[in-house]
Trainee: 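Take this structure first; my questions come after.
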Amino acid sequence: MGACEGCSWPVFLGFLFTFGLLLCMAQGDVHTYTLVLQETQFERLCENKSILVANGSFPGPTVWAHQGDTVVVTVVNNGNYGVTIHWHGARQMCNPWHDGPEYVTQCPIQPKQNFTQTVVLDREEGTLWWHAHSDWARASVHGALIIYPKPGNEHPYKHDAERTIILGEWYEKNLTEMVINATRTGGDVDTSVAYTINGQPGDFYHCSKESTYRMTVDPNKTYLLRIISAIMNEEMFFGIADHALTLVGMDGAYLDQVTTSYIMIAPGQTMDVLVMTDQEPGRYYMLGSPFADTQAPSDTTTPSAILHYNGGYEPRKYPNSITLPGSTDRDSAESFMRLLKSLADDKHPIKVPLNITKRLYLTVSVNNVECAEGDTCEGPNGNRHSASLNNISWTAPNIDILQAYYRKLPGIYYTDFPDQPPRYFNFTGDVGDNVTYPVVGRTVVEPIEYGSEVEITFQGTNIPAAENHPMHLHGYSFYLIGFGRGNFSPNTSIPTYNLPRPPKINTVAIPKNGWATIRFKADNPGVWFMHCHLERHAGWGMAMAFIVSNGPTKETSMRDMPPGMPPCPGS
């Protein structure tokens, strides 16, 4: 991509040093990109608005590589605030330094500064994505990360062409100002006013019909759709009128193919879908329908795009349409989740951990904290919004945890994150007097020994109202071995586990008032963030971090701190 305008010599020298190391360590090719972040004017819904984007586009540019390659990306921040970039689903083996979440693995790239990141790809193959990981900046700073099979290998599912579909959101007001105000008052950010498909709201919003995204296709072909949810706060049903969807991949791993009329995709997830253009040539709606089974404010509008067949024909006045599940249809959401199974063939083996040495049982809650004396707060009952895991509300330090861990700095974080909730009660029923204010103000992490086989059960709660929660783990893909409604019970829940062919994913949608269990092997040393991918919940504290110790060899140990890391205000 283009040259890095304004790059300073120290950054450039750091890039050369890093690039030299990569030439020694990379198994595949090295690809270089530049992302220039700056405020840019866009018109949507008959209104002009300035938003932060990468390289002048919304969504941002696609980054691509092959399995096992390394991607080197120089991020140039010409915006007004500090920002970081995360490579969502890229394991970054032994390289947490360039994973991206602010104050976890790095501090923000300040305005008019640059930072060169290396994205170390391992076994990931399929569709991932990249996005800003600072406050709510990912609403407009995001794009696809596509990983093809190694040269000489083929995609396990035949197709003639591919397209990328990115689901997003559009906000009426200045999002940065809304977030700053919500942080100050403890209130909520206004919901989006539209969803988008490849940056466009579609036919059912005012002033949008002329710009609706149209995907032109040839008849009698098979198209691979790479679908990414960059939506901030809602899951989404998605389907195409009169066309079956064959799901073949998710979160950078292949699935055993299954045909369905719709998918349900949560924020942070990616899905690879085959579509055969075997219908009468014409125009067909591609629709989204938000799954917002909650009492919280939500955007319930309908984004659309058009699947448009090439050829000479007289089109109907309106595209054919589809009816998708409704916003509270839990049965349809969970029925879709039950379809997910790993491909698990000789070329794409899976290895589910069976000798569990580390177990966590995490309650997932939306809470509130008392308003400070003398303040006026805009959260529930005059309090401040909050959220927690095991009643600990995430508090970020003013220096990144990874640097503090590497430099052995005292007093930055504590290693006493609880493996179980502080008390047991009917989590998904009448919570009674067990609604507790979470612990705030301490940065607490969970240490894990290298090589541990880890099982985590996420338990949704009815505090104060239940909701789906898409939980994302950095640095790892994990196996979703089971999920269900109500409270997890070893006697009734464990027998339902799918151990032979669980899907391998990096973001799991925990059912409303239900549970989900995942497993992974802790073979990637470093500091790794885990959080809800609903931005309002992550911002309120529904997050934690793991510190995975080094393995016994240099190859199984975290890399040394590279030069050119963005400076921290507390360092």
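Atom set for the values below is all heavy atoms of this structure, side chains included, hydrogens, waters and symmetry mates excluded.
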Trainee: Does any pair with a residue in residues 82-95 pass salt bridge (charged side-chain N to carboxylate O under 4.0 Å, His left out), and if so which ones, sequence neighbours excluded?
Mentor: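 Every pair satisfying salt bridge (charged side-chain N to carboxylate O under 4.0 Å, His left out) with a residue in residues 82-95: R91-D122, R91-D523.
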Trainee: What pairs with W540 under ring pair (Phe, Tyr, Trp, His ring centres under 6.0 Å), at least two apart in sequence or on another chain?
Mentor: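 With neighbours one apart ignored, the set is H385, H537.
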Trainee: Test side chain to side chain donor-acceptor pair (under 3.5 Å) on N506 and S477; report intermediate values, then the result.
Mentor: CA-CA 5 Å; N506 61 59; S477 291; 4.9 Å; no
Trainee: Got a sec, which residues hit side chain to side chain donor-acceptor pair (under 3.5 Å) with D416, two or more places apart in sequence or on another chain?
Mentor: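 By the side chain to side chain donor-acceptor pair (under 3.5 Å) rule, D416 matches R442.
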Trainee: Taking ring pair (Phe, Tyr, Trp, His ring centres under 6.0 Å) as the definition, give me every residue that meets it alongside F425, ordered by chain and number, with sequence neighbours left out.
Mentor: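 Ring pair (Phe, Tyr, Trp, His ring centres under 6.0 Å) check on F425 returns F427.
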Trainee: Any chance you could lay out the salt bridge (charged side-chain N to carboxylate O under 4.0 Å, His left out) test for R359 and D419, step after step, and finish with the verdict?
Mentor: CA-CA 7 Å; R359 280 189 169 86; D419 291 356; over 6 Å; no
Trainee: Who pairs with D400 by side chain to side chain donor-acceptor pair (under 3.5 Å), at least two apart in sequence or on another chain?
Mentor: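 If we apply the side chain to side chain donor-acceptor pair (under 3.5 Å) test to D400, skipping adjacent residues, the hits are Q403.
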Trainee: Please tell me whether F529 and H86 form a close aromatic pair, meaning their ring centres lie under 6.0 Å apart.
Mentor: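 Not under 6.0 Å, so no.
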Trainee: State which residues pass salt bridge (Lys or Arg N to Asp or Glu O under 4.0 Å) with E446; sequence neighbours excluded, sorted by chain then number.
Mentor: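 With neighbours one apart ignored, the set is K358.
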Trainee: Partners of S332 by side chain to side chain donor-acceptor pair (under 3.5 Å), sequence neighbours excluded?
Mentor: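 Scan of S332 (side chain to side chain donor-acceptor pair (under 3.5 Å), adjacent residues dropped) gives D329.
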Trainee: If we check ring-ring contact (aromatic ring centres under 6.0 Å, His included) with H88, which of these qualifies: H533, H474, H142?
Mentor: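 Of H533, H474, H142, ring-ring contact (aromatic ring centres under 6.0 Å, His included) with H88 is met by H533 alone.
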Trainee: Please, which pairs that meet salt bridge (charged side-chain N to carboxylate O under 4.0 Å, His left out) have at least one residue in residues 126-140, sequence neighbours excluded?
Mentor: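 Those involving residues 126-140 are R138-E535.
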Trainee: For V454, run the side chain to side chain contact (heavy atoms under 4.5 Å, CB included) check against T357, L360, I356 and tell me which one passes.
Mentor: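 Exactly one pass, corresponding to L360.
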Trainee: Are W528 and F520 an aromatic pair, judged by ring center distance below 6.0 Å?
Mentor: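 Centroid separation for F520 and W528: 6.0 Å or greater.
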Trainee: Could you work out, with side chain to side chain donor-acceptor pair (under 3.5 Å) as the rule, every residue matching D272, not counting sequence neighbours?
Mentor: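 Checked D272 against side chain to side chain donor-acceptor pair (under 3.5 Å); matches are T127.
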Trainee: Under the rule for disulfide bond (SG atoms under 2.5 Å apart), what residues qualify as partners of C371, not counting sequence neighbours?
Mentor: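 Per chain and number, C371 pairs via disulfide bond (SG atoms under 2.5 Å apart) with C377.
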Trainee: In the structure I gave you, are the side-chain heavy atoms of E455 and I481 within less than 4.5 Å of one another anywhere?
Mentor: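 With C-beta onward as the side chain, the pair touches.
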Trainee: According to ring pair (Phe, Tyr, Trp, His ring centres under 6.0 Å), does anything in residues 325-354 pair up with another residue at least two apart or in another chain? List the pairs.
Mentor: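 The answer is Y254-H348.
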Trainee: Measure the CZ-CZ distance between R330 and F291 for me, rounded to the nearest 0.5 Å.
Mentor: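 One gets 7.0 Å once the value is rounded to the nearest 0.5 Å.
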Trainee: Are M232 and W136 packed together at the side-chain level, in the sense that at least one heavy-atom pair is separated by less than 4.5 angstrom?
Mentor: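 Sidechains of W136 and M232: in contact.
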Trainee: Please determine, by modelled atom types, if N390 and T363 share a side-chain donor-acceptor pair under 3.5 angstrom.
Mentor: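 Yes, side-chain donor-acceptor contact under 3.5 Å.
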Trainee: By the salt bridge (charged side-chain N to carboxylate O under 4.0 Å, His left out) test, which pairs, at least two apart or in different chains, include something from residues 464-474?
Mentor: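 Of all non-adjacent pairs touching residues 464-474, none passes salt bridge (charged side-chain N to carboxylate O under 4.0 Å, His left out).
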Trainee: Centroid-to-centroid, H531 to H133, below 6.0 Å?
Mentor: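 Ring centres of H133 and H531 closer than 6.0 Å.
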